[in-house]
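Data first, discussion second: the structure below is written as structure tokens.
Counting convention: from 1, in listed order, for ligands and their atoms alike.
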Amino acid sequence: MIRLVRGFKDILPSDTALWQHVEVLVRELLEDFGFSELRIPILEQTELFARSIGTGTDIVEKEMYTFIDRSGDSLTLRPEATASVVRAYIEHGIYAKTPECKLYTTGPMFRRERPQKGRYRQFYQINAEVFGLHDPRADAELILLLMTIVGRLELSGAGLHINSLGCPECRPQFREALKPFLRGQTEELCSNCLRRRDKNPMRIFDCKVPTCKKAMLDAPSILDYLCETCRAHFETVKSSLDRFQIPYQINHRLVRGLDYYTRTTFEVLAEALGAQDAVAGGGRYDGLVKALGGPDQPGVGFAIGVDRLIELLAAQAQSFERRPHLFIAALGLRAQDTAFQWVQEFRMQKVRAEMDFENRSLKSQMRRADKLGVSYTLIVGDRELDDGAVVLRNMTTKEQENVPVQDLVRLVVNRIRTE
Ligand code: ATP
Ligand code: MG
């Protein structure tokens with residue numbers, strides 16, 4: 001038997017109702033907050049990710065699914081969406097027509113990481129990106145949107161962490177201050193961190209190795225090194241969050257894995273997830289549009305990890321399974337034929353109806369109705385058709401009533417709608 005590729009997964013029918021619930025709710029909220037959908041391809045030129053995510057990052061160094069196409073081009077399955085959204089913003093001149101715009105996109109991402117709980121090689125994200133706004137209220141509004149999503153989904157135990165990564169003016173000073181500290185941690189840091197200690201010291205904050213995490217507890221704080229503009233920007237983000245009563249924790253060790261982030265950075269963490277506890281992450285990336293060949297327009301965005309969000313919701317035992325409303329137990333050929341007609345008519349009226357095609361015994365059909373979890377069952381035999389009335393059984397109360405065959409669909413639809 002041919003099996004799934006390692007790190008990939010199927011999302012089974014028993015789970016898709018929950019996925020759809022999340023997708024519909026998030027999409028609606030995004031539209032309420034003024035976002036329009038952009039659909040981007042799954043495949044891009046490798047160069048796009050190398051330039052935007054950064055060559056020194058884990059993603060670009062070892063996690064991308066890259067191959068040479070028959071024409072000799074190096075192509076990559078997208079590991080994240082922001083790079084593509086920025087490419088589209090530039091390529092289609094969106095920046096010229098609507099420099100200030102809010103875009104969202106959803107779909108699968110691909111990273112060849114070590115598969116483990118909460119870490120897949122194909123996973124799903126919902127991405128929101130805002131272009132053209134320097135104002136810290138844009139950052140706050142985006143976080144408000146993210147936390148509204150968390151709230152509406154009734155996700156419990158999800159906490160917001162925020163930080164500022166400064167800007168090209170002030171960050172170099174912090175990196176310099178970090179280096180002597182890191183030189184004193186040679187024993188504690190993993191080989192990967194030692195390698196990037198000089199070139200990319202801030203990345204070490206993002207390392208998941210426990211000894212590295214522990215070593216960084218006493219590291220200097222970037223918040224002590226912010227320039228006046230960055231400090232004021234961060235203050236407004238915080239006061240806006242206060243104003244909308246969004247609780248947050250300031251975490252000066254919060255960095256993003258990707259190169260292009262500036263100023264506001266945030267993450268939503270949920271302890272219940274265990275080691276991979278980030279449900280969503282985002283922040284400002286003011287230099288990225290320009291770095292990818294576009295105008296000097298700022299950006300701020302977030303990505304929700306849908307797989308982890310779903311895992312949390314599933315653990316909270318909410319059920320979104322869509323059961324059929326009605327089962328028609330039909331006995332006899334004529335009754336079967338009539339039921340077949342009714343089933344289709346019910347569906348046209350948005351009533352989810354099911355029947356058996358096998359002409360099984362009443363007992364076995366009632367068992368099927370129970371298994372499907374329907375709220376009503378119609379019981380119809382050839383004799384009932386002759387008498388002009390069939391039995392409608394309420395599966396919860398077990399009460400039965402006769403419904404005239406004439407106008408049956410309308411009557412039953414009304415009964416189910418007034419439930
Ligand atoms: P992590 O710290 O968990 O590695 P990340 O910083 O690499 O996450 P981002 O690139 O910011 O993640 O992506 C945003 C969100 O996408 C994460 O918060 C997470 O929920 C989800 N995510 C990232 N990588 C994976 C993966 N391999 N499998 C499932 N979800 C993922
Ligand atoms: Mg990662």
> Is the closest side-chain heavy-atom distance between L223 and S164 below 4.5 Å?
Replying inline: yes
> Hey, does Q125 come in under 3.5 Å of ligand 1, counting only N/O atoms on both sides?
Replying inline: yes
> Short list, please: which atoms of ligand 1 are under 4.0 Å from a heavy atom of A280?
Replying inline: 18 (O)
> Is any side-chain heavy atom of N163 less than 4.5 Å from a side-chain heavy atom of N251?
Replying inline: no
> Looking at ligand 1, does any of its N/O atoms fall within less than 3.5 Å of an N/O of Q276?
Replying inline: no
> Within less than 4.0 angstrom of ligand 1, does D307 place any heavy atom?
Replying inline: no
> Relative to the heavy atoms of G118, which atoms of ligand 1 are at a distance of less than 4.0 Å?
Replying inline: 28 (N), 29 (C), 30 (N)
>> Under 4.0 Å from a heavy atom of A278: which atoms of ligand 1 are those, numbered in the order shown and with their elements?
In response: 17 (C), 18 (O), 19 (C), 20 (O)
>> Are I126 and R27 packed together at the side-chain level, in the sense that at least one heavy-atom pair is separated by less than 4.5 angstrom?
In response: no
>> Could you check whether R263 pairs with D139 (Lys NZ or Arg NE/NH1/NH2 to Asp/Glu carboxylate O, under 4.0 Å)?
In response: no
> Going by the order shown, which atoms of ligand 1 are within less than 4.0 Å of some heavy atom of K208?
Replying inline: 1 (P), 2 (O), 4 (O)
> Should the proximity of L309 to ligand 1, defined as any heavy atom under 4.0 Å, be assigned to the side chain, the backbone, both, or neither?
Replying inline: neither
>> One residue to check: R121. Relative to ligand 1, which of side chain, backbone, both or neither has a non-hydrogen atom less than 4.0 Å away?
In response: neither
> Does E129 reach the side chain of L38, with side-chain heavy atoms less than 4.5 Å apart?
Replying inline: no
> Side chain or backbone of R308 under 4.0 Å from ligand 1, or both, or neither, by non-hydrogen atoms?
Replying inline: side chain
> Are R196 and D58 within salt-bridge range, i.e. N to O under 4.0 Å?
Replying inline: yes
>> Please tell me whether T186 and R197 have a donor and an acceptor in their side chains that are separated by less than 3.5 angstrom.
In response: yes
> Out of R111, E80, E267, whose heavy atom is nearest to atom 5 (P) of ligand 1?
Replying inline: R111
> Who pairs with E61 by side-chain hydrogen bond (donor to acceptor under 3.5 Å, both in side chains), at least two apart in sequence or on another chain?
Replying inline: R195
> Quick one: does ligand 1 sit under 4.0 Å from the side chain of M109, the backbone, both or neither, non-hydrogen atoms only?
Replying inline: neither
> Under the criterion side chain to side chain donor-acceptor pair (under 3.5 Å), which of E91, E44, R78 is the partner of S84?
Replying inline: E44
>> Students often mix this up, so state it plainly: with edges at 30° and 60°, are the rings of F131 and Y89 parallel, tilted or perpendicular?
In response: parallel
> Atoms of ligand 1 less than 4.0 Å from G305 heavy atoms?
Replying inline: 15 (C), 16 (O), 20 (O), 21 (C)
> Side chain, backbone, both or neither: which part of R256 comes within less than 4.0 Å of ligand 1 when only heavy atoms are counted?
Replying inline: side chain
> Do any nitrogen or oxygen atoms of Y120 lie less than 3.5 angstrom from nitrogen or oxygen atoms of ligand 1?
Replying inline: yes
